[in-house]
Every structure is written in structure tokens, then in C-alpha cells.
Amino acid sequence: MIVLLCVKKMRKEGISPDATTFVCSLNACTDSGNKQEGLEFHSEIEKKGLLNKFVGNALVDMYSKYGSLLDAQNVFDSLPNRDVIAYNSLISGYAELGFRKEVFNLFDKMQHAGLFPNAITFVGILKACRSGIDPMYLAGVHAEISRKGLLGKNLYVGNALIDTYCRHGLLVEAHEVLESLPIRNVISWTALIAGYVEFGIEEKALLCFDHMELDGVSANSATFICILRACSSIGLIIKGIIIHAEIGRQGVLEKELSMSTAIVDLYVSCGLLGRAEEVFDKLQVRDLILWTTLMDGYCKQGYGNKALECFRKLQLEGFCPNAYTYVCSLNACGQQAAAAEGIQLHSKLHTKGLVQGDVFIGNALVDMYAKCGLLTKAQEVFDNLPVRDVVSWTTLISAYAEHKSGEIALSMFEKMQYEGTSPNTATYICILKACSAIGAVDKGEDIHHDLTFHGYLDSNLPICNALVNMYAKCGSLGKALDVFYQLPEPDVVSWTSLIVGYMKVGQNFSALHVFDTMNRDGTIPDPVAFLSVLTACSRTGVLDKGKEYLQLMTGEYGLKPTLKHHTCMAHLLSSTGHLDQAFSLMENIPFRPDIVFMHAILDASKKWGDSNIGRRIFEHTQNSRNLYPSEATVGIPL
DNA sequence: TTAGGGTTAG
């Protein structure tokens, strides 16, 4: 800005800018993004015939940085002699926007012209290699950089190489490059940490962060943002709070909104809504990304209503929702089964042309309709999508699997592959769920073979769990056990699937035994595991054990029982003749009992011939709403 | 006087 003011002052004093003045002015325009003034300088330069090598290069650089690649190319083509700097400027411009072919053409051309690519050229080449290239090619570029001895001398090249490897998920290679560098700075470390976070290897990201500090390199805001994201993803709230305090000490928090966004994301993702709101409310300036982050967090925590409230508020504050915001609002509508609001959003998105224009929005719409139970609408939106990706298909398959249309889910799974889309982890989990819902164990076995063939079972615990669960629910306990015993480290989901498997074939005492084995094994039970073991208790009528497990759940593990847990206990109490205790449970739990709960007691009161309890239940029912007829039974669904 | 690296919601 100061440069441009100086030039103005110069002109007032009657001094004409020369080529050097123009170079400085063009750079000032480039840095400040002052496009209009840059264009004016360009035409003045042309008029005055001041286009020398330096001015030309500054122009190429300016247009490249503006992303006006046609203009950059035109200036470049008009230069009588192009040096390495001209090539590098244009290469960087094309690389920034992902025009790989142009970058590689220029790279060849400069060498044919007898020019030697330098470190800066390779930074551009690496940027062009961020996506869409064979990793083998990247290894070749790496070899060439090493051969030229550029890695030891120039930190920029090393850092760009780390980043490029990371973007391909080649984290071992990226880490090796970092280790091999004679000097590393905060950017080298941050690039690697970002890579680990992006590919879900948060533990390694955190190790790198510690290593970096031991190396004497201080984190900056970019590093903090990455590490906060790691904490948020794996729910490492204590570490997150420590980082938050550290950021506060360094006083960098107020400067960057993106850092506050990462902190809000951390708290909301770890369920500390109060803290998230506190940080959010204190901010003087807010942007759409911050609002959307809060909305997304609310959705993930199951507060779709709060997310929709945000959606209204942010618009009142004058923000115009973008595709991300709409995706979050659609998620919230689905979660709340708010069909009316969802339909309203759909028509708005349709008017804006976003339904056809953005596959994420299309997918979110399919999901919203599915979650609202409007499967015909979901199918209709899906059919009209101009592009369908694996997420579109998986959303639809999941919709049918969830709504007891396992057969349709299976046929969609076939159609998806026929139309050339390969299933991913999420698709396989959905389709295995569909198989278990309709007892299609044969189809499940076919999928098992596919999964083995594609090597999924060696490393993918969620898929293995879905397989154990599918065999268990289909009553093929032996096959469920076969998969289970192959698992190097079964988790609570694997164990719970096995418990369900034993119950499915009526071996309820064995189910209890599995739970005890899991506990001895050191696997921490979750609410679903407790629901499964309480179901087994209620089926076998072992009241003492049931009370023991509930005590374990609330005492040792500090978990809050849900209505379903209480329903198991009510069933257990009443079926063992303790109707009074069951009734008092009903009166004392912090939930309104549903029809399943009522039936659990009513059935037993018939069995024990206690019409008095029956009457009391009936009276209680009269006072309760929400007692729709239900197909649900006591405990975990088998 | 001209070229270069990491972070920010689906």
C-alpha cells in the first residue's frame, strides 16, 4: 500500500515512473491483490514501451498469482527471452490451480530451451503433483531432486516434498523426508502433522508435535490448528484443553478466527457444549465457517434442533449460507425428522441450482429424506442426481437397509457395481446390515469372500465387526466365531456382536459368559454392551446378575442407563415376580416409559395374576402420551 | 528490481 502511495506522490511531483518503479508497483499490486491498479500499470507499461525482462517477469507473476493464467501466458509468450524466473512464475501459477499438463509442458520446454530447473521450479512441480498423478511419478521427481542435491540446501523443496507425499497419503515417505532433512522448521513439521491428521493417524500427529517441541521448534497457529483437529477427532479433550491454554499464553488466539474455530470444534466434538458456546459467544467477529462448525458439532452430538437454531441466527446476522451450511442444515433436519423444514430447504436449494450443482448437497438431500422416512422422495432425488458417487449410493443403500427393505438395498448394491462405482468401507457395513436384517446369510457370505479377496479383513476392524454381527444376527454362530477369532484386537463392538450371536441361538448363559470374558480381557464395555448383557439376563431371569451388571454400569463405569436398560430391568424384575419393584422403577426413572416398558410389566402381571398392578399400569398409561403400538421387544434387537 | 513451503466447515 505504501509503495502505491509513493508512486502517486512521485507522479504529483512530476517524476515519471521508470521500469524499476513499475516492477515495485506491480509487486505491490500482486501482494495486496489490487487487480484493477495492476491492469492499469500494465497498459501504461505497454504504452511507454517499458517492458524489459524484469517488468515482464513481474507481470507474469502478477497474473499467475491472480489466477489469470491466459494473461500470464500471453505476457510470457510475448517475452523475447524467457529466463528461469519467467518459467517458474508461470509454472507456479498453473500448479496453484492444478493445471498439471501445462506445468509438465513448461518443465519440458524450459529444459529444451537450455535452462536448468532450480529448487523453485521443483516446488512448482511438486505442487502440480499434489493430486491426479501416479505415486511412482512422484518418487521419480523425488529421485531427481535428490540427485541434484536440492534437498540438503533448500528447505522449501523439502517442505513441498513432505506436503506432496502427505497429500497422497504416503506418510511413511513424508516422514522419511523430514527425518532426512539437515534442518527442519515449523512448516516441515506442520506439513507432516497435517498429513497424519488428514489420514486419521492422530496418534502419530501428536507424537510429531511432541517431537517437534523436543527439536526446539515452536508451534505456530497452523500447527495448533492441526493438533486441535487431531484432539477433536479422537476425543482427546484433556490434551485439547492443554493446547487451548498454551494458545492463550502465547496470545495468538485473538488474531486468527480459524484458531477459535478449531477450538469451538474441539469442545463441541467432545461434547463440552457449554465451553464451545463460551468461546463462540466471546468472539467479536464471526464468519460463516465458525457458524457452520458449531452447527456441524451440534448435529454430531445429536442436537439437530440447536443446529437449526444456528441456521436461522446466522442468516439474521447477515450471513448467506453456502453449500457447507446447507449440508449441515439438511443433516439437522434428518436428525430431527423435520420433514417440513427439509422440504422447504430442498425447494430453496433447487431454485439456487445447488441440487444439481453440488454432489454433497444432493447426497445430503437423499439422506435427509431417508432419515425422515420419505424413501420415495429419497429415491427420486437420487434418480435425478447428475453425478452419483459412492456416498450417494451408500446413502440410498443405508436408507433401504434401515427401513426394513434389505432386498432393495441388495439390488441397489448390485446396480451400483454394475454402473461402475466401487463400494467403500461404509458401503460394505451398510450392505452387511441389510443382509442381517433379512437373514440373507448366503449373500453375506458372498460379500465375505469379496472382502477377503480385496484384503479388507486384514486391517479394517469396523468391517470385521459388521461381518461378526451379520453372522451373529443370521444365527450362524460358528461363522461369527471364525471371524471373531481372526481379530488381532477385538473391540467392544466385536464382543457385543458375539453376545448377540449367542442370544440369537438361545444360549443366553453363554452370552453372559462372553460378557465376563470381555471384562476380564480388559475391554471397556459401553452402553450397548450393557444393553446386550441385560437383555441376556432378562431372558434367563437371573435377577442377581442383572442387578450386578447395572451396578457395574453405573458405579464402576459411570454410564447413565437409558430407557432401554431400565426396560430390561423392569422385565427382569416383573418376570421374576417382583412386580412392586418393577412398578416403583417405572415411577422413579427419569424417562417417560414407552409401550415396550409397559408391556414388559403387563405381560408379567398377567403371568403372576396380579390384576392390581395391571390396573395401576393402565391408569399410568392413561396419563401418558407417546404410546404408539410398537413392534419393538425388550432389550437389544436380535 | 523478478520465482518457492504448512492450517481454516460437507
Side-chain angles (χ1 to χ4, degrees), chain A residues 3 18-28 30 52-62 64-65 79 82-93 95-96 117-127 150 154-164 166-167 174 178 181 184-195 197-198 219-229 232 256-265 268-269 287-297 299-300 321-331 358-364 367 391:
Chain A
V3 174
D18 67 358
T20 307
T21 322
F22 278 119
V23 170
C24 297
S25 310
L26 289 171
N27 289 338
T30 309
N52 68 11
K53 183 175 87 171
F54 294 111
V55 176
N57 287 351
L59 278 170
V60 174
D61 186 50
M62 179 184 80
S64 282
K65 292 217 175 95
L79 297 176
R82 294 152 206 137
D83 60 6
V84 176
I85 296 175
Y87 272 98
N88 285 351
S89 297
L90 194 58
I91 284 176
S92 300
E96 190 62 49
N118 63 15
I120 301 173
T121 320
F122 280 103
V123 171
I125 297 296
L126 287 167
K127 205 176 236 185
L150 294 172
N154 192 303
L155 203 45
Y156 279 85
V157 186
N159 291 348
L161 189 57
I162 294 172
D163 175 54
T164 310
C166 282
R167 285 174 197 255
L178 180 129
L181 294 179
R184 297 148 214 160
N185 65 5
V186 62
I187 294 179
S188 332
W189 284 108
T190 307
L192 186 61
I193 291 171
V197 176
E198 183 63 35
N220 65 15
S221 55
T223 327
F224 283 131
I225 288 169
C226 291
I227 219 69
L228 284 167
R229 213 178 123 193
S232 154
E256 286 187 55
L257 189 51
S258 51
M259 186 107 78
S260 303
T261 305
I263 291 168
V264 168
D265 174 59
V268 82
S269 302
D287 67 1
L288 190 61
I289 297 181
L290 177 75
W291 274 106
T292 313
T293 302
L294 188 64
M295 279 180 72
D296 183 51
C299 281
K300 286 191 182 129
N322 65 13
Y324 286 89
T325 327
Y326 282 120
V327 168
C328 287
S329 344
L330 288 168
N331 285 341
D358 189 311
V359 70
F360 280 98
I361 291 211
N363 294 345
D367 189 55
V391 179

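Throughout, a chain's letter reflects where its sequence line sits, starting with A, and its residues are numbered from 1. Both backbone and side-chain heavy atoms feed into the values below; hydrogens, waters and symmetry mates do not.
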- Contact check, side chains of L192(A) and C166(A), non-hydrogen atoms, under 4.5 Å: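 Touching, per the 4.5 Å side-chain cut-off.
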
NA contact type, [X], heavy-atom cut-off 4.0 Å: base, sugar-phosphate, or nothing?
{"X": "T261(A)", "result": "nothing"}
{"X": "N220(A)", "result": "base"}
{"X": "T21(A)", "result": "nothing"}
{"X": "A323(A)", "result": "base"}
{"X": "R167(A)", "result": "sugar-phosphate"}
{"X": "V123(A)", "result": "sugar-phosphate"}
{"X": "L155(A)", "result": "base"}
{"X": "C24(A)", "result": "nothing"}

Looking at the side chain of [X], which of [options] is the nearest nucleotide?
{"X": "T293(A)", "options": "dT1(B), dA9(B), dG5(B)", "answer": "dA9(B)"}
{"X": "D296(A)", "options": "dG10(B), dT7(B), dG5(B)", "answer": "dG10(B)"}
{"X": "F54(A)", "options": "dT2(B), dG5(B), dG10(B)", "answer": "dT2(B)"}
{"X": "N57(A)", "options": "dA9(B), dA3(B), dT2(B)", "answer": "dT2(B)"}
{"X": "N322(A)", "options": "dA3(B), dG5(B), dA9(B)", "answer": "dA9(B)"}
{"X": "V327(A)", "options": "dG5(B), dT2(B), dG10(B)", "answer": "dG10(B)"}
{"X": "A194(A)", "options": "dA3(B), dG10(B), dT7(B)", "answer": "dT7(B)"}
{"X": "K65(A)", "options": "dA3(B), dA9(B), dT1(B)", "answer": "dA3(B)"}
{"X": "A222(A)", "options": "dG5(B), dA3(B), dT7(B)", "answer": "dT7(B)"}
{"X": "N185(A)", "options": "dA9(B), dG10(B), dG5(B)", "answer": "dG5(B)"}

- Query: Atom CG in N27(A), atom NZ in K65(A): separation rounded to 0.5 Å?
  - Reply: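 Nearest 0.5 Å value for the CG-NZ distance: 7.5 Å.
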
- Message: With a 4.0 Å cutoff (strictly under), does any side-chain N or O of R184(A) reach OP1 or OP2 of dG5(B)?
- Response: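 No.
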
- Message: Does a side-chain N or O of K127(A) approach OP1 or OP2 of dA3(B) to a distance below 4.0 Å, or not?
- Response: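 For dA3(B), OP1/OP2 do not have a side-chain N/O of K127(A) under 4.0 Å.
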
- Side-chain donor or acceptor of N118(A) under 3.5 Å from a matching atom on the base of dA3(B)?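 Per atom types, the contact qualifies.
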
- Query: Any N or O donor-acceptor pair linking the side chain of D358(A) to the base of dG10(B) at under 3.5 Å?
  - Reply: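 It does, because a donor-acceptor pair links the side chain of D358(A) to the base of dG10(B) below 3.5 Å.
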
Nearest whole angstrom, please: distance from the [atom2] of [N] to the [atom1] of [X].
{"X": "I125(A)", "N": "dG5(B)", "atom1": "CD1", "atom2": "P", "result": "13 Å"}
{"X": "L290(A)", "N": "dT7(B)", "atom1": "CG", "atom2": "C1'", "result": "16 Å"}
{"X": "D265(A)", "N": "dG10(B)", "atom1": "CG", "atom2": "C1'", "result": "13 Å"}
{"X": "D163(A)", "N": "dT7(B)", "atom1": "CG", "atom2": "P", "result": "6 Å"}
{"X": "N331(A)", "N": "dA9(B)", "atom1": "CG", "atom2": "P", "result": "16 Å"}
{"X": "L288(A)", "N": "dG10(B)", "atom1": "CG", "atom2": "P", "result": "13 Å"}
{"X": "Y326(A)", "N": "dA9(B)", "atom1": "OH", "atom2": "C1'", "result": "15 Å"}
{"X": "L161(A)", "N": "dG5(B)", "atom1": "CG", "atom2": "P", "result": "14 Å"}

- Query: Nearest heavy-atom pair of I91(A) and I125(A): which atoms, and what distance?
  - Reply: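 For I91(A) versus I125(A), the nearest heavy atoms are CG2-N, 4.4 Å.
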
- Query: Nearest heavy-atom pair of R184(A) and L178(A): which atoms, and what distance?
  - Reply: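 Scanning both residues completely, I find the closest heavy atoms to be NE-O, 3.0 Å.
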
- Item | Residues in salt bridge (Lys or Arg N to Asp or Glu O under 4.0 Å) contact with D163(A), at least two apart in sequence or another chain |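 Testing D163(A) for salt bridge (Lys or Arg N to Asp or Glu O under 4.0 Å), a comparison that skips the adjacent residues, returns R130(A), R167(A).
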
- Item | Under the ring-ring contact (aromatic ring centres under 6.0 Å, His included) test, residues paired with F224(A) that sit two or more places apart |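 Residues passing ring-ring contact (aromatic ring centres under 6.0 Å, His included) with F224(A): none at all.
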
- Side-chain donor-acceptor contact under 3.5 Å, D18(A) with T21(A):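 The criterion, which ignores hydrogens and geometry beyond distance, is satisfied for T21(A) and D18(A).
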
